[in-house]
Q: 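My structure is below; once you've seen it, I'll send some questions.
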Protein chains: 2
Amino acid sequence: VNERDFITSLKGFAHHPAARGLADDAAVLEVGGTCLVLTHDMIVEGIHFLPDDPPADVAWKLVAANLSDLAAKGAAPLGALLGYSLSDDEWDRDFAGGLGEALGAFGMALLGGDTVAMPNGAPRTFGLTAIGRASGPVPSRAGAKAGDHLWVTGTIGDAGAGLRSLLGEIEGAEGLVERYRNPRPRIEAGQLLAPLVTAMMDVSDGLLLDALRMAQASGLAVEIELGSIPLSEGHVISLGEDCAARLAAATAGDDYELLFAAPPGLATELLALGEQLGLPFSRIGSFDAGSAIRLVEDGKDMPLPDALGYEHIRAEGP
Amino acid sequence: VNERDFITSLKGFAHHPAARGLADDAAVLEVGGTCLVLTHDMIVEGIHFLPDDPPADVAWKLVAANLSDLAAKGAAPLGALLGYSLSDDEWDRDFAGGLGEALGAFGMALLGGDTVAMPNGAPRTFGLTAIGRASGPVPSRAGAKAGDHLWVTGTIGDAGAGLRSLLGEIEGAEGLVERYRNPRPRIEAGQLLAPLVTAMMDVSDGLLLDALRMAQASGLAVEIELGSIPLSEGHVISLGEDCAARLAAATAGDDYELLFAAPPGLATELLALGEQLGLPFSRIGSFDAGSAIRLVEDGKDMPLPDALGYEHIRAEGP
């Protein structure tokens, strides 16, 4: 069964407004005048990380992936609950060290959680619930308006290229593996963008797939200019910047950048904000009436790739 | 590495008062004058449930185990975030059905979460974060006073006997498997007890182990009268009520009853409250200066069993 069908089957139990119909990156819970943002992500060995990834990096990524969801809602990190499957002494110690570093770097406390034993040979599996506090409006995925521009922070595809270099598929330039292992959630940018944007989410499963999700949630079509997808120098050195390289970047996932919609009139302000943060904001497309995703290059329609990103599908039972 | 060592290594990151030093069943977060209680539990196929347990019951148990932690803090359930590993269509559908039933039964909404694919053959692994609201004092594990009585709700050992009957080890009487598969968190009792008790927690890993944890957290010794451990009729029919049967009940775990400490002067009030709820409260021991657990029968010291309950230990790496 795939992820979408399962989530659809759960929507009937998500009757609380905080759930946002299970259609957003996070839950938004009003408590005594304070706005809490809550998200939960799981990561599984062999799926979200490699068996020989350093344990400290796995901990970092678990924290970063969750904080990226908080960032996309403009929330400041507050605390986390950890679900942890025990390994051997050394692995557990290294994971705990990386967890402490990540929590410290993002100014959040560990509030609680659970540790479990797994059967021998089972993949390590971790969950983290992150809790943040929003002090202003909390953008959803669903607020984009026809005519809005689509923007993205930073550069896209670096983590995907880093993974391919770890797998020996390409010779990756410096910095790409770092972006795969130690992503930086865009917390500050998220808080500054939240009052300006009409919709925001993070790019975790692939730029094209996530852009389509934003368009669908907003009841619109989205057009993306392939040539405007921002690539890092390392990505260009490793994979080039032709159409194939840009498609690889736009479908790889694990970017943890912010994807947002904003009225055209805000373009100057947004570019200045990105400059102020030292994090480039790139305008990569626009929204219009309709319901699909279109890719264009130099004004010409391009065929869509077979997969727009990463979707969780399990074909067989265990 | 075992659970205790790992948790100890995390305590340095749990600097927020909401974390209660990672020494309690749940985090207690004050937000704008409202007291939120947050807990996260994981369950793993082959460890916490059997591969042929009905998926709807697995969902129920996941919800119930988390709500039992909320109950122990006197909190009313509010919402949950689910971490879900996808299976085949039928399993996922049945799980979703059971989840909806459990959430509905306890009046809580699904607020969000994550679904992941697992590698083929990996054990199904689920996490749930439950969020509750406390309207009065939130008892910790650590507040028992010397001279307090130790009490427990309901009957002990039924779920353990139910599991043994599913495994074909014993012929289990009616109702025991139901208590293993569909535990009832003591939410109402927890809310009524919270203002009365000096310490409270739920019995999940075994009565003796959990009683020792309460005593250690409170800096006290605890004495338990073996003969006063409450057994159900089904348990007595299946396993008898001799010393061995009582020890089995007191170390089996999965009870999801409430264990609490209260001054002797409250005994009459507590017995009346149990009667009012239709849930017997049994006085099973008392706290005193010291640091150990003692088992007595008819005034005589009994030897402690090798294992006081279930602790998560993973001997080998995967």
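All chains are named by letter (A, B, ...) in the order of the sequence lines, taking the proteins before the strands, and each is independently numbered beginning at 1.
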Q: Between CG of A/Asp92 and CG of B/Asp5, what distance do you get to the nearest 0.5 Å?
A: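 Here the interatomic distance stands at 9.5 Å.
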
Q: Under a 4.5 Å heavy-atom cutoff, which of B/Ala27, B/Gly112, B/Ala96 has the most pairs with chain A?
A: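 Option with the top pair count is B/Ala96.
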
Q: I need the A/Thr129 OG1 to B/Leu38 CG distance, nearest 0.5 Å.
A: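 If I round to the nearest 0.5 Å, the distance is 8.5 Å.
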
Q: Heavy-atom count around B/Asp306 CG within 6.0 Å, excluding the residue itself: above 12?
A: no

Q: Would you mind checking which part of B/Thr39 comes under 4.5 Å of any heavy atom in chain A, side chain (CB onward), backbone (N, CA, C, O), both or neither?
A: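 Backbone only.
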
Q: Quick one: CE on A/Met42 to OG on B/Ser85, what's the gap to the nearest 0.5 Å?
A: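 Those atoms lie 5.5 Å apart.
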
Q: If you compare all heavy atoms of A/Met118 against all heavy atoms of B/Pro123, which two are closest, and at what distance to 0.1 Å?
A: CE-CG, 4.4 Å

Q: Verify side chain to side chain contact (heavy atoms under 4.5 Å, CB included) between B/Leu29 and A/Leu78, making sure each step is shown before the conclusion.
A: CA-CA 10 Å; B/Leu29 186 64; A/Leu78 181 63; 4.1 Å; yes

Q: As an exercise: rank B/Asp41, B/Thr34, B/Leu103 by heavy-atom pairs under 4.5 Å with chain A and give me the winner.
A: B/Asp41

Q: Heavy-atom cut-off 4.5 Å, strictly under: side chain, backbone, both or neither for A/Leu81 against chain B?
A: side chain

Q: Should the heavy atoms of other residues, nucleotides or ligands under 6.0 Å from CD of A/Glu30 be counted, would the total exceed 12?
A: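 Yes, enclosed.
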
Q: Which residues in residues 14-23 of chain B have any heavy atom lying under 4.5 Å from a heavy atom of chain A?
A: B/Ala14, B/His15, B/His16, B/Ala18, B/Ala19, B/Leu22

Q: What part of B/Leu82 is in contact with chain A, defined as an atom under 4.5 angstrom from a non-hydrogen atom: side chain, backbone, both or neither?
A: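 Backbone plus side chain of B/Leu82, per the 4.5 Å heavy-atom cut-off to chain A.
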
Q: Could you list which of residues 65-76 of chain B have a heavy atom closer than 4.5 Å to any heavy atom of chain A, in residue-number order?
A: none

Q: Does any backbone or side-chain atom of A/Leu36 lie under 4.5 Å from a heavy atom of chain B? Answer side chain, backbone, both or neither.
A: side chain

Q: Give me the atom names and distance for the closest heavy-atom approach of A/Ala117 to B/Ile47.
A: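 Smallest interatomic distance, heavy atoms only, reads O-CG1, 3.5 Å.
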
Q: Would you mind checking which part of A/Val44 comes under 4.5 Å of any heavy atom in chain B, side chain (CB onward), backbone (N, CA, C, O), both or neither?
A: side chain

Q: Take the angle between the ring planes of A/Phe6 and B/Phe95 and call it parallel below 30°, perpendicular above 60°, tilted in between.
A: tilted

Q: Rounded to the nearest 0.5 Å, what separates atom CG in A/Leu86 from atom CD1 in B/Ile7?
A: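 One finds 8.0 Å between CG of A/Leu86 and CD1 of B/Ile7.
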
